[in-house]
Amino acid sequence: MSLLPSASVLQKTLYSALPDFASIAWVEQVGSTNVNLMQDVRSTQSVMGRPALLGAHTQTSGRGRAGRRWQNPPGSTLMFSCAYDVFVPPARLPMLAPVVGIVACEQLRKIAGPAVQDRLLMKWPNDILYDQAKLSGLLVESARPLQRESQHHHVVIVGMGMNLSSAVELTQHLGRKVADWTSVLSDMNDDSGNSEDIALLVARIARAWRDAFAQYEQQGFTAFMERHAQVDALREQQVNVIQDERIVLSGAARGVNQDGCLLVESAGQQHPITIGDISIRPEGQG
């Protein structure tokens, strides 16, 4: 049984839950929710207000970070994107990647409750893990709107894909451990209705991103450093930094700095990492 209600039910619930969002739509199928929102930002015919939310039961061209294809068997994946007006200098846009991951992880932990919340963590820059297996991926993109209020006016589009079920099949297909929300719910031992409706889960995260961007505009990434420490999946782990399929650095993860960069300590020196894939080194690997 799918955790996803029908597209029409999702849209109706989100309308009620997000009264301050200017545009909300949930459709059966789309190429990519991020691409559709980006196209609207760049269109001279745009009539969509912001914040905007677009979700879909199926994406035919869904994308993850670094252009990867997002696997989405029908009915087994939660997929949606939100667009927000954000006012920061261009140099501060990359730091939003960990911000959205921190915030989404926090909301999932609140829903999961004390029994399992510590098993939900964020792997820099923004993968969400459950028991060290990937549960959700996030994609952050930005564009300059055609009508800008200032030189620091950007539209930030955040896409989220979360496995709802089929973790066993995906693990076998991808050759790496994958988690799903069904497993989280079954581990919660919840008798109080805490395993809330998927539409309300989406609304919580969409609101939290909006609030986080407003805080980020005022306070920068410094406001999120301690919050990152609470959900850091890499904390004190031995990791490899991989770029172009090559290991370019190995060392111990030491959290993040005030620019949102991952700090990897090697040979007594801390290196700020801005790009690259991070893998946890197997025990015993020198």
Side-chain angles (χ1 to χ4, degrees), residues 10 14 17-18 20-27 30-42 48-56 59 61-68 70 72 77-88 90 92-111 120 122-129 134-145 153-163 181 198-217 220-221 223-224 227-228 231 260 275:
L10 266 166
L14 287 167
L18 296 170
D20 54 341
F21 271 56
S23 175
I24 295 172
W26 204 285
V27 297
V30 73
S32 162
T33 52
N34 259 45
V35 168
N36 274 36
L37 290 179
M38 185 69 74
Q39 288 173 339
D40 184 82
V41 172
R42 294 170 171 165
M48 185 184 293
R50 287 182 292 272
L53 185 151
L54 173 62
Q59 291 191 88
S61 304
R63 295 172 301 136
R65 279 195 313 114
R68 297 185 184 92
W70 179 263
N72 63 111
T77 312
L78 175 68
M79 294 170 292
F80 67 99
S81 299
C82 296
Y84 303 89
D85 292 295
V86 179
F87 298 84
V88 294
R92 288 177 54 195
L93 289 171
M95 303 169 207
L96 292 176
V99 167
V100 300
I102 293 164
V103 168
C105 190
E106 288 174 339
Q107 295 304 312
L108 293 178
R109 285 164 66 106
K110 287 177 182 177
I111 295 167
L120 284 159
M122 189 198 86
K123 176 188 167 195
W124 184 94
N126 53 28
D127 282 346
I128 297 172
L129 311 182
K134 185 170 178 177
L135 171 68
S136 173
L138 293 148
L139 177 65
V140 184
E141 301 178 292
S142 63
R144 294 181 176 183
H153 182 190
H154 306 271
V155 177
V156 174
I157 297 170
V158 188
M160 181 170 182
M162 184 171 78
N163 302 314
W181 190 242
I198 287 295
L200 297 182
L201 181 153
V202 171
R204 285 176 67 124
I205 293 173
R207 275 197 305 268
W209 284 337
R210 178 203 61 199
D211 295 344
F213 289 161
Q215 184 178 10
Y216 181 76
E217 287 175 345
F221 191 78
F224 296 88
R227 291 166 68 175
H228 175 268
V231 300
I275 59 171

### Message
Rounded to the nearest 0.5 Å, what separates atom CD1 in Ile205 from atom CE in Met160?
### Response
4.0 Å

### Task
Using the side chain to side chain contact (heavy atoms under 4.5 Å, CB included) rule, take Arg207 and Leu18 through it: C-alpha gap first, then chi angles, then the decisive distance, then the call.
CA-CA 8 Å; Arg207 275 197 305 268; Leu18 296 170; 3.4 Å; yes

### Task
Output yes when a side-chain donor or acceptor of Asn126 lies under 3.5 Å from a complementary backbone atom of Ala97, and no otherwise.
yes

### Query
Are the side chains of Leu37 and Val35 in touch, meaning some heavy atoms are under 4.5 Å apart?
no

### Query
Just by modelled atom types, is the Val88 backbone N or O under 3.5 Å from a matching donor or acceptor in the His154 side chain?
yes

### Query
Is there side-chain contact between Phe213 and Asp85, with at least one heavy-atom pair below 4.5 Å?
no

#### Entry: Contact summary for Asp20 and Pro51, nearest pair of heavy atoms
O-CD, 3.9 Å

### Message
I need the full list of salt bridge (charged side-chain N to carboxylate O under 4.0 Å, His left out) pairs touching residues 93-105, with sequence neighbours left out, sorted by first then second residue.
### Response
none

### Query
What distance separates Leu10 CG from Leu78 CG, expressed to the nearest 0.5 Å?
8.0 Å

#### Entry: Leu201 and Leu108: CA distance, side-chain angles, deciding distance, side chain to side chain contact (heavy atoms under 4.5 Å, CB included) verdict
CA-CA 8 Å; Leu201 181 153; Leu108 293 178; 3.9 Å; yes

### Query
Taking the side chain as C-beta and beyond, is there a heavy-atom pair between Arg204 and Lys110 under 4.5 Å?
yes

## Note on the structure
In short, Cys105 meets Ile128 closest at the heavy-atom pair N-CD1, 3.8 Å

### Task
Please report the closest heavy-atom contact between Met95 and Pro98, naming both atoms and the distance.
O-CD, 3.1 Å

### Query
Where the side chain of Tyr84 meets the backbone of Ala206, is there a donor-acceptor pair that is under 3.5 Å apart?
yes

### Task
Considering non-hydrogen atoms only, spot the tightest contact between His228 and Ile102 and give its length.
CB-CD1, 3.6 Å

### Message
Using every non-hydrogen atom in the two residues, find where Ala22 and Arg50 come nearest and quote the distance to one decimal.
### Response
CB-N, 3.6 Å

### Task
To the nearest 0.5 Å, tell me how far Gln107 CD sits from Leu120 CG.
12.0 Å

## Note on the structure
In this structure, CD1 of Ile198 is separated from CD1 of Ile111 (nearest 0.5 Å) by 8.0 Å

### Query
Quick one: CG on Leu14 to CG on Leu200, what's the gap to the nearest 0.5 Å?
8.0 Å

### Within 45° cone of Tyr216 ring axis and under 6.0 Å: Arg92 NZ or CZ
yes

### Task
Please report the C-alpha distance between Val86 and Val155 in whole Å, then the side-chain angles of each, then the deciding distance to 0.1 Å, and finally whether the side chain to side chain contact (heavy atoms under 4.5 Å, CB included) criterion is met.
CA-CA 6 Å; Val86 179; Val155 177; over 6 Å; no

### Summary
Heavy-atom nearest pair, Val30 first then Ala56, reads CG1-CB, 3.5 Å

### Query
Heavy atoms, side chains only, cut-off 4.5 Å: are Val99 and Phe221 in contact?
yes

### Query
Do Ser81 and Asn34 have a side chain donor and acceptor closer than 3.5 Å?
yes

### Task
Could you tell me whether Phe80 and Trp209 have their ring centroids closer than 6.0 angstrom?
yes

### Message
Tell me every residue that passes salt bridge (Lys or Arg N to Asp or Glu O under 4.0 Å) with Asp211, counting only those two or more places apart in sequence or in another chain.
### Response
none

### Task
Examine distances only and state if a side-chain atom of Trp124 and a backbone atom of Gly260 form a donor-acceptor pair shorter than 3.5 Å.
yes

### Task
Walk me through it: do Gln215 and Phe224 pass the test side chain to side chain contact (heavy atoms under 4.5 Å, CB included)?
CA-CA 9 Å; Gln215 184 178 10; Phe224 296 88; 3.8 Å; yes

### Task
Measure the spacing between CE of Met79 and OG of Ser136 and express it to the nearest 0.5 Å.
11.5 Å

### Query
Backbone N or O of Thr33 within a donor-acceptor pair of the Gln59 side chain at under 3.5 Å?
yes

### Task
Could you tell me whether the side chain of His153 reaches within less than 4.5 Å of the side chain of Arg144, counting heavy atoms only?
no

